[in-house]
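Below: the structure, in structure tokens.
Nothing here was measured: the structure is a model prediction, and the numbers come from that model. All ligand and atom numbering here is 1-based and tracks the order in the structure. One-based numbering along the sequence shown.
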Amino acid sequence: MRKRLLHVLTLLLLFSNIGFSQLAPHANCGQDNYVRSTQNASSLASFNEIYQRAVAQTSGAKTRDFEIYQIPVVVHVVYSNADEYISEERINEQLVQLNKDFRRLNEDAEKVRIEFEEVVGDPGIEFQLAKINWISTDTIFKLDFDISTLTYNFPDHVKSTALGGSDPWDTREFLNIWVCPIVGDLIFGYAYPPSQLDNWPIESKAPSADVDGIVINYKAFGGPPPVFSTNTNDRVILKGRTLTHEVGHYLGLRHPWGDSEIGVYQCFLDDGLSDTPSMKDPSFDSCDLTKNTCGDVFNDLPDMIENFMDFSEHDCQNSFTNQQIDVMRFVLKKHRRALRVKTLQVKSGSRALTYPNPTDGIVKVVLKKDNDTDYQIRVTNVLSHSFVVPITHYEGPMRSYKVDLSGLTPGVYFVKFIGEQHRFTERIVLR
Ligand SMILES: [Ca+2]
Ligand SMILES: [Ca+2]
Ligand SMILES: [Zn+2]
């Protein structure tokens with residue numbers, strides 16, 4: 001587990017002016033505190049350079065490639081009582097919302113104000129559920145402050161089975177999301193940015209690959225519908241955008257106000273992106289359309305409360321900007337390469353992508369686009385004995401099948417797809 005030094009001023013403010021309980025509904029994510037404690041001007045100074053590189057490498061001759069990137073997701077639900085148990089249905093609802101937000105298919109996209117219409121876009125990123133792990137535990141997860149050493153710890157032990165949580169799947173190949181209670185509700189979630197990005201302080205990257213990924217407070221996971229509110233403050237209505245925000249961090253995005261120090265908010269600190277207007281401070285759970293904390297000389301715009309990387313109410317968040325999109329796609333091409341190639345790695349001639357393989361039970365078979373519309377599926381072992389197993393069929397941007405081999409004894413199996421025009425077989429190793 002990582003210890004992080006909090007800036008003295010921040011800590012004093014946490015304990016005095018703001019206070020923990022009042023802070024809770026404001027702290028949409030845990031990035032804010034530790035990033036501002038390690039921030040220095042040089043990291044942000046190089047931000048523009050990073051962005052320029054991102055644009056150059058991602059978009060080539062100014063046109064973005066319009067390939068849809070697909071990221072396989074593993075959700076770990078780590079719970080100790082019925083309230084904290086998140087059902088498969090709610091997980092699917094959350095992923096539907098995430099997918100809408102990352103394809104600009106969210107119903108509220110049209111609510112973006114006219115002055116931002118030109119700069120918002122479709123990130124072209126989709127998320128496929130590969131596996132859900134439910135783990136019952138007695139372990140406590142909380143954001144741990146130590147006033148004597150001015151350090152605090154993220155509850156990264158949720159990412160270890162031995163420590164009462166749930167081991168990740170290979171964090172280079174899967175986006176792991178842990179959903180658990182975070183005692184005290186000080187934060188709704190946190191995510192580690194990719195390593196080697198100059199726009200983040202070096203200390204902010206994951207301390208090790210094993211803990212890379214996203215943690216979401218179970219209260220903030222899901223919807224809409226349903227709509228969630230916190231126990232501490234009914235005013236805060238959550239609509240599943242905590243995950244959208246944290247995936248933004250995971251793909252390299254900073255907060256638009258640049259994580260400036262509490263109490264000394266400054267307009268010159270920002271996220272390094274020119275199409276997100278400068279802002280002094282987060283829009284704490286507000287939808288104030290008149291908020292304009294920084295007066296830009298040219299084309300002064302209001303603070304963009306529509307942005308998923310703000311702390312505004314989920315109800316008024318609806319957009320990523322084009323530069324944010326370029327950064328995320330750049331990250332997927334350069335720094336989290338192993339993630340997005342899942343569906344792009346389908347070899348020519350092969351008809352599907354099957355993962356994970358080896359598997360502990362569930363495999364997902366994602367079909368290439370030019371496949372038959374329907375397949376008969378047969379599961380056999382090496383002796384050609386057939387087995388009847390649960391198979392779920394998904395229609396989406398890519399057609400896929402979830403094949404559940406968990407009732408079978410470990411060994412090698414063949415999943416045979418028999419269509420009118422095509423036949424193919426996937427060899428699966430069941431652990
Ligand atoms: Ca900006
Ligand atoms: Ca402004
Ligand atoms: Zn954040």
N/O/S from L273 sitting under 3.0 Å away from the Ca ion (ligand 1): yes
Opening angle at the Zn ion (ligand 3) [NE2, H255; NE2, H249; to 10 degrees]: 100°
Under the side chain to side chain contact (heavy atoms under 4.5 Å, CB included) test, residues paired with E110 that sit two or more places apart: none
Salt bridge present between K100 and E107 (N-O < 4.0 angstrom): yes
Heavy-atom side-chain contact between L238 and F188 under 4.5 Å: yes
Set of residues satisfying salt bridge (charged side-chain N to carboxylate O under 4.0 Å, His left out) with respect to K402, sequence neighbours excluded: E88
Heavy atoms from other residues, nucleotides or ligands near NZ of K142 exceed 12 (cutoff 6.0 Å): no
S283 side chain near F311 side chain, heavy-atom distance below 4.5 Å: no
Distance below 3.0 Å from the Ca ion (ligand 2): protein N/O/S atoms: N292 OD1, C294 O, D300 OD1, L301 O
N, O or S atom within D271 nearest to the Ca ion (ligand 1), by name: OD1
D210: salt bridge (charged side-chain N to carboxylate O under 4.0 Å, His left out) partners, not counting sequence neighbours: none
